[in-house]
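Worth knowing before you read on, the calculation uses all heavy atoms, side chains too, and leaves out hydrogens, waters and symmetry mates. This structure is a prediction, so every number in the text was calculated from the model and none was measured. Below, chain A is the first sequence line, B the second, and so on; all start at residue 1.
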Amino acid sequence: MTISAAQHRSAASLVVFDFETTGLSPDMGDRAIEIGAVLIENGKITARFQQLMNPGIRIPVFIENLTGISNTMVKEANSNAQVMGEFYDFIAGQNLVAHNASFDERFLRAEFKRIKKYCPAGIACSLLAARRILQQAPNHQLATLAAYKQLPSEGIYHRALADAEVTAHLWLSLLAELETQHALYDLSFGFMQQLTKTPKHQLPKLYAKHQAGIAYV
DNA sequence: TGCCAGGCCCTCTTTAGGGCCTT
């Protein structure tokens, strides 16, 4: 919780993160109420970050029921500004991964903007990667993929750290799948970002380029 | 109290519509 990711930086490291929020859109006034994240180094989780935060607005009943995070719980929590400042330090220098990253990225940028910070890190999406690598999965919801791949999980969902941990295991599973199914090794973050932007029918060409030694940043 | 968004991706497409994902 207090360990900075920057203190653990390595070439094969990244941070997987997840927000719980009051709704779906920061542009409509929704705010983050919890952030959870894990640092992955060389295929292992080596640090964790989890904090509730007090958004200064009421949490809808629907969200209380969905997440188990109540207005009472966040009342005593630190402000979003303080928590996001600490999270900014945690992710310093790291690339980021989230499940359906477009959602979490919107809240990340919105909360950072409020404290006049910007996110220089690259962000990759485990949902887009899973849609390409696990095309045969029943669907690509995080819980479904966790069951489908029998990922380590305590069966808790819609809490930030638990979801971040499952997403981290999913990300490692996707890398393993690329190794076993396509003989792709030592995949960079840049390659994985490229994969999530590649149409499915062009994946064989992408895999062939990597196997031929064409580097991705 | 109830509702809100937006990117991706497929198809009966591209001058569009709708399901999937996230809270």
Side-chain angles (χ1 to χ4, degrees), chain A residues 15-38 49-74 77 80 83-84 87 96-114 119 121-149 151 153 155-171 173-174 192-206:
Chain A
V15 167
V16 184
F17 75 106
D18 181 73
F19 276 116
E20 302 306 316
T21 71
T22 62
L24 294 174
S25 175
D27 291 339
M28 298 292 291
D30 289 318
R31 299 294 305 274
I33 56 175
E34 186 180 46
I35 178 76
V38 298
F49 184 102
Q50 180 182 34
Q51 286 205 45
L52 289 169
M53 55 189 117
N54 185 346
I57 61 173
R58 284 200 64 79
I59 301 171
V61 172
F62 172 79
I63 298 296
E64 286 188 316
N65 292 334
L66 178 70
T67 64
I69 300 170
S70 67
N71 284 287
T72 303
M73 290 167 67
V74 301
N80 285 42
V83 173
M84 292 308 298
F87 186 64
L96 303 174
V97 169
H99 198 66
N100 198 15
S102 66
F103 172 85
D104 291 284
E105 183 175 0
R106 281 200 301 277
F107 278 93
L108 185 69
R109 294 191 185 283
E111 294 291 346
F112 275 165
K113 186 177 181 181
R114 288 174 176 269
C119 178
I123 302 180
C125 178
S126 58
L127 168 63
L128 297 181
R131 280 178 174 166
R132 287 160 174 77
I133 299 167
L134 302 176
Q135 296 183 29
Q136 68 279 30
N139 62 55
H140 297 89
Q141 295 174 25
L142 185 59
T144 301
L145 292 171
Y148 180 71
K149 294 300 295 179
L151 303 175
S153 168
I156 299 169
Y157 291 96
H158 295 300
R159 287 303 300 265
L161 181 59
D163 283 358
E165 293 219 27
V166 172
T167 302
H169 288 299
L170 171 62
W171 191 253
S173 174
L174 294 174
M192 293 301 288
Q193 281 187 308
Q194 183 73 26
L195 181 145
T196 64
K197 298 172 184 172
T198 301
K200 289 177 185 174
H201 70 276
Q202 291 182 6
L203 288 174
K205 186 183 294 184
L206 177 72

Pick from A:Gln51, A:Gln50, A:Met73: which one makes a side chain to side chain contact (heavy atoms under 4.5 Å, CB included) with A:Glu34? A:Gln50
Under 4.0 angstrom, heavy atoms only, what part of the nucleic acid is A:Asp163 near: base, sugar-phosphate, or nothing? sugar-phosphate
Interatomic distance at C1', B:dT14 relative to B:dC9, whole Å: 13 Å
Return yes if a side-chain donor-acceptor contact under 3.5 Å exists between A:Asp30 and A:Thr21, otherwise no. no
In whole angstrom, give me the gap between the C1' atoms of B:dC12 and B:dG18. 12 Å
Go through B:dC4, B:dG6, B:dC9 for me and flag the one nearest to the A:Asn100 side chain. B:dG6
Considering only heavy atoms from C-beta outward, does the side chain of A:Met53 approach that of A:Val74 to under 4.5 Å? no
Within the structure shown, what part of the strands sits under 4.0 Å from A:Phe107 by heavy-atom distance: base, sugar-phosphate, or nothing? nothing
Minimum heavy-atom distance A:Thr167-A:Ala98, with the two atoms named: CG2-C, 4.3 Å
Closest to the side chain of A:Thr21, out of B:dA5, B:dT22, B:dT23, is B:dT23
Ignoring hydrogens and angles, tell me if any N or O in the side chain of A:Glu111 forms a donor-acceptor pair with the backbone of A:Ala32 under 3.5 Å. yes
Counting only side-chain N and O atoms of A:His140, is one of them less than 4.0 Å from OP1 or OP2 of B:dC21? yes
Choosing from B:dC21, B:dC9, B:dT22, which nucleotide comes nearest the side chain of A:Phe103? B:dT22
Look at the side chain of A:Leu66 and decide which nucleotide, out of B:dG6, B:dT23, B:dC8, has an atom nearest to it. B:dT23
Considering only heavy side-chain atoms of A:Ser102, the closest of B:dA5, B:dC20, B:dG6 is B:dG6
Selection from B:dC10, B:dA5, B:dT22 that lies nearest to any side-chain heavy atom of A:Met28: B:dA5
Name the nucleic acid region contacted by A:Asp18, choosing base, sugar-phosphate or nothing; use a 4.0 angstrom heavy-atom cut-off, strictly under. sugar-phosphate
Where each residue is assigned the nucleotide of DNA chain B containing its nearest heavy atom, which of A:Pro138 and A:Asp30 is assigned the position nearer the 5′ end? A:Asp30
In terms of the nearest nucleotide of DNA chain B, which residue is placed more toward the 5' end: A:Val61 or A:His158? A:Val61
side-chain N/O A:Arg132 vs B:dC9 OP1/OP2, d < 4.0 Å: yes
Please work out if A:Ile33 contacts a base, only the sugar-phosphate, or nothing of the nucleic acid, heavy-atom cut-off 4.0 Å. nothing
Give the rounded distance in Å between these two atoms: CG of A:Asn71 and P of B:dT1. 12 Å
Counting heavy atoms from C-beta on, name the nucleotide in B:dC10, B:dT22, B:dC4 closest to the side chain of A:Gln141. B:dT22
I want to check one thing: is the phosphate of B:dC10, taken as OP1 and OP2, less than 4.0 Å away from some side-chain N or O of A:Lys200? yes
From C-beta outward on A:Arg106, which listed nucleotide comes closest to its side chain: B:dG6, B:dC9, B:dC21? B:dG6
